[in-house]
Amino acid sequence: MRQSKRKRVTSPAAGNDEHGGDAVAEQGAKKAVRTRKKVTVPPRSADVQKEEYHCWLMKSEPESRMEKGMDMKFGIEDLKSQPNQTACWDGVRNYQARNFMRSMKNGQKAFFYHSNCKEPGIAGIIKIVKEAYTDHTQFDPKNPHYDSSSKNDNPKWSMVDVQFIRMLKRYISLAELKKLHQKHKTTDGPLRNLALFTRARLSVQPLTQDEFEYILSLEEEKNTEEESEDDA
DNA sequence: GCCAACGTTGGC
DNA sequence: GCCAACGTTGGC
């Protein structure tokens, strides 16, 4: 079974890279069989899955952490200090996150989320200034996100360029968002399906316009809900 | 540092 | 194609 179904890797027009399954192209037949099917996500919550998104949340780590000798730190301040306050969003190695990036359009906005840090949360707003193109780091053996299975003539991973727009007027912590999410689940509020909680590990996530605007409206409020955060 | 959640791998 | 084992993410 494994050998018999081998994918025609020589065919130029396979055109299968789009759904994120084809991890495999050359690696031998064993994997080739399996991967394609998985790509389409089982209907998760059916309605949410179909819409076209215009708003995003992108995670990055603001604190130093070494990975294969390279510092992963890239917080919103680091973006701000780039030339043009613009940077490429490289290193995404998850098919769903990649596919979301591929659907991003110039001018769309995203929250810059700080993850894996003291106080995770949303720090600011960025926008897409270059639509998906090849993430060069996948071909660099010295890069922590090097992917030896990705071939030059059919790259697996993409990235976009983002530009800093502004900081939020106040930092909106994960803890605060979580409380609202919990509440909204019972009240049918705007954050009831927020991907940050329903798809926790995705590093690039879509938001509905409603979700985006609601979260933005929070920056105007005084945050009275955050007693639990001070005992850290 | 721990570990739950969940995506990926690969044998069958 | 199923599913157990494995690896990674990221909150705590």
*Between Trp157(A) (CH2) and dG7(B) (P), how many Å, whole number?*
13 Å
*What is the distance, rounded to the nearest whole Å, between atom NZ of Lys178(A) and atom P of dA4(B)?*
15 Å
*Length of the CG-C1' vector between Leu196(A) and dC12(C), whole Å*: 15 Å
_Integer-rounded Å distance: dG7(C) C1' and Tyr95(A) OH_ = 15 Å
*Can Ile172(A) be reached from Ile125(A) by stepping across I, L, V, M, F, W or Y side chains whose heavy atoms are under 4.5 Å apart?*
yes
*Can you tell me the distance, in whole Å, between the NZ atom of Lys179(A) and the C1' atom of dC12(C)?*
15 Å
*Quick one: salt bridge (Lys or Arg N to Asp or Glu O under 4.0 Å) partners of Glu219(A), sequence neighbours excluded?*
Arg166(A)
Mind listing the side-chain donor-acceptor pairs of residues 107-114 of chain A below 3.5 Å, one per line with the distance, residues two or more places apart or on another chain?
| unit_1 | atom_1 | unit_2 | atom_2 | d |
| --- | --- | --- | --- | --- |
| Gln108(A) | OE1 | Trp56(A) | NE1 | 2.9 |
| Gln108(A) | OE1 | Lys105(A) | N | 3.0 |
| His114(A) | NE2 | Ile76(A) | N | 3.0 |

*Just how far, in rounded Å, is C1' of dG11(C) from CD of Glu176(A)?*
17 Å
Below 3.5 Å is the cut-off: list the nitrogen or oxygen pairs between protein and nucleotides 8-10 of chain C, distance only.
| unit_1 | atom_1 | unit_2 | atom_2 | d |
| --- | --- | --- | --- | --- |
| dT8(C) | O2 | Arg201(A) | NH2 | 3.2 |
| dT9(C) | O3' | Arg201(A) | O | 3.4 |
| dG10(C) | OP1 | Lys59(A) | NZ | 3.0 |
| dG10(C) | OP1 | Arg201(A) | O | 3.1 |

*Over how many whole Å does the gap from Asn99(A) atom CG to dG7(B) atom P extend?*
13 Å
*asked:* Please report the interatomic distance CD(Gln138(A)) to OG(Ser148(A)), rounded to the nearest 0.5 Å.
replied: 11.0 Å
*Which residue, Lys179(A), Lys185(A), His184(A), Lys178(A), forms the side-chain hydrogen bond (donor to acceptor under 3.5 Å, both in side chains) with Gln182(A)?*
Lys185(A)
*So, are Glu63(A) and Lys73(A) salt-bridged, with charged N and O less than 4.0 Å apart?*
no
